[in-house]
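All remarks here apply to the structure that follows.
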Amino acid sequence: MHMRRTVNRYKTRRIARERIEILLTKAQEVFPRDRAKAHRYAELAKKIARRHALRFPRRWKRRVCKKCYAFLVPGASSRVRIYKGRVIITCLRCGYVVRLPISNV
Ligand SMILES: [Zn+2]
């Protein structure tokens, strides 16, 4: 039975990863006409990742606010600046700020 459980866990996580990808792609799509919906998709993706202890896909990692789970679109729902060799990402919904070394973005 152990084998089966391992396979199921693997499969469950793979499906979770797919759902996260779909949700964030939809968030991107719907954002221009329905920001609230985009934020809901982003939050849901975050919840799925947490439930399955999955890392967020690299390309989406900076696109969801760590504090309020808003879907971040630079110039629309987030502000991106470079300051002293760091990238400063500010969530325009809650004001949360992330500072990253440029090499880390
Ligand atoms: Zn936020």
Side-chain angles (χ1 to χ4, degrees):
M1 279 323 254
H2 177 68
M3 274 301 283
R4 167 174 279 177
R5 228 183 298 140
T6 307
V7 169
N8 280 347
R9 182 174 146 81
Y10 175 80
K11 197 176 167 189
T12 306
R13 280 163 63 93
R14 181 173 57 75
I15 292 166
R17 252 188 290 270
E18 281 168 13
R19 287 189 64 201
I20 290 168
E21 186 66 37
I22 289 166
L23 282 164
L24 294 170
T25 304
K26 283 200 166 182
Q28 174 106 295
E29 232 173 73
V30 82
F31 183 87
R33 56 182 190 279
D34 192 344
R35 285 189 186 199
K37 195 181 255 182
H39 295 325
R40 278 203 302 281
Y41 287 157
E43 185 171 357
L44 196 51
K46 207 76 182 173
K47 279 182 180 162
I48 293 168
R50 194 169 45 211
R51 192 182 314 136
H52 295 274
L54 293 168
R55 277 169 192 275
F56 235 48
R58 200 179 161 75
R59 67 198 195 94
W60 295 113
K61 207 176 160 192
R62 313 288 177 218
R63 302 297 304 278
V64 180
C65 174
K66 285 190 165 147
K67 193 175 174 197
C68 76
Y69 308 134
F71 187 68
L72 302 180
V73 176
S77 60
S78 73
R79 184 173 59 226
V80 180
R81 292 281 181 274
I82 294 180
Y83 181 71
K84 290 188 177 172
R86 288 179 169 256
V87 178
I88 319 288
I89 303 171
T90 306
C91 170
L92 296 180
R93 190 164 77 153
C94 78
Y96 188 70
V97 177
V98 176
R99 294 176 182 83
L100 309 156
I102 287 176
S103 59
N104 211 345
V105 180

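Count residues from 1 along the sequence. The basis for the numbers below is simple: all heavy atoms, side chains too, and nothing from hydrogens, waters or symmetry mates.
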(request) Could you tell me the separation between the CG atom of Leu44 and the CD1 atom of Ile22, rounded to the nearest 0.5 Å? (result) 11.5 Å
(message) Side-chain heavy atoms nearer than 4.5 Å, only ILVMFWY residues, links allowed to pass through others: does that put Tyr83 and Val97 together?
(response) yes
(request) Enumerate the residue pairs fulfilling side-chain hydrogen bond (donor to acceptor under 3.5 Å, both in side chains) with a member in residues 85-99, sequence neighbours excluded, ordered by first and then second residue. (result) none
(message) Within this structure, what is the CG-NZ distance for the pair Asp34 and Lys26, rounded to the nearest 0.5 Å?
(response) 12.5 Å
(message) Just to verify, what does Arg63 make a side chain to side chain contact (heavy atoms under 4.5 Å, CB included) with, not counting sequence neighbours?
(response) Gln28, Trp60, Phe71, Val73, Pro74
(request) Could you check if a side-chain atom of Val80 sits within less than 4.5 angstrom of a side-chain atom of Leu72, using non-hydrogen atoms only? (result) no
(request) Could you grab the distance from atom OG1 of Thr12 to atom CG of Leu54, nearest 0.5 Å is fine? (result) 10.5 Å
(message) To check you understand the geometry: which heavy-atom pair defines the closest contact between Lys67 and Cys94, and what is its length?
(response) CB-SG, 4.1 Å
(request) Determine whether more than 12 heavy atoms belonging to other residues, nucleotides or ligands lie under 6.0 Å from atom CZ of Arg19. (result) no
(request) Might you point out which heavy atoms bring Ala38 and Ala27 nearest each other, and give the distance in Å? (result) CB-O, 3.4 Å
(request) Decide yes or no for Leu92 and Arg79: does some side-chain heavy atom of the first lie under 4.5 Å from some side-chain heavy atom of the second? (result) yes
(message) The criterion is salt bridge (Lys or Arg N to Asp or Glu O under 4.0 Å); which residues satisfy it with Arg33, sequence neighbours excluded?
(response) none
(message) Taking side-chain hydrogen bond (donor to acceptor under 3.5 Å, both in side chains) as the definition, give me every residue that meets it alongside Arg81, ordered by chain and number, with sequence neighbours left out.
(response) none
(message) Quick check for you: to the nearest 0.5 Å, what is the distance between Ile89 atom CD1 and Leu100 atom CG?
(response) 5.0 Å
(request) May I have all residue pairs that pass side-chain hydrogen bond (donor to acceptor under 3.5 Å, both in side chains) and include part of residues 37-51, sequence neighbours excluded? (result) Arg50-Tyr69
(message) According to salt bridge (Lys or Arg N to Asp or Glu O under 4.0 Å), who are the partners of Glu21, at least two apart in sequence or on a separate chain?
(response) Arg59
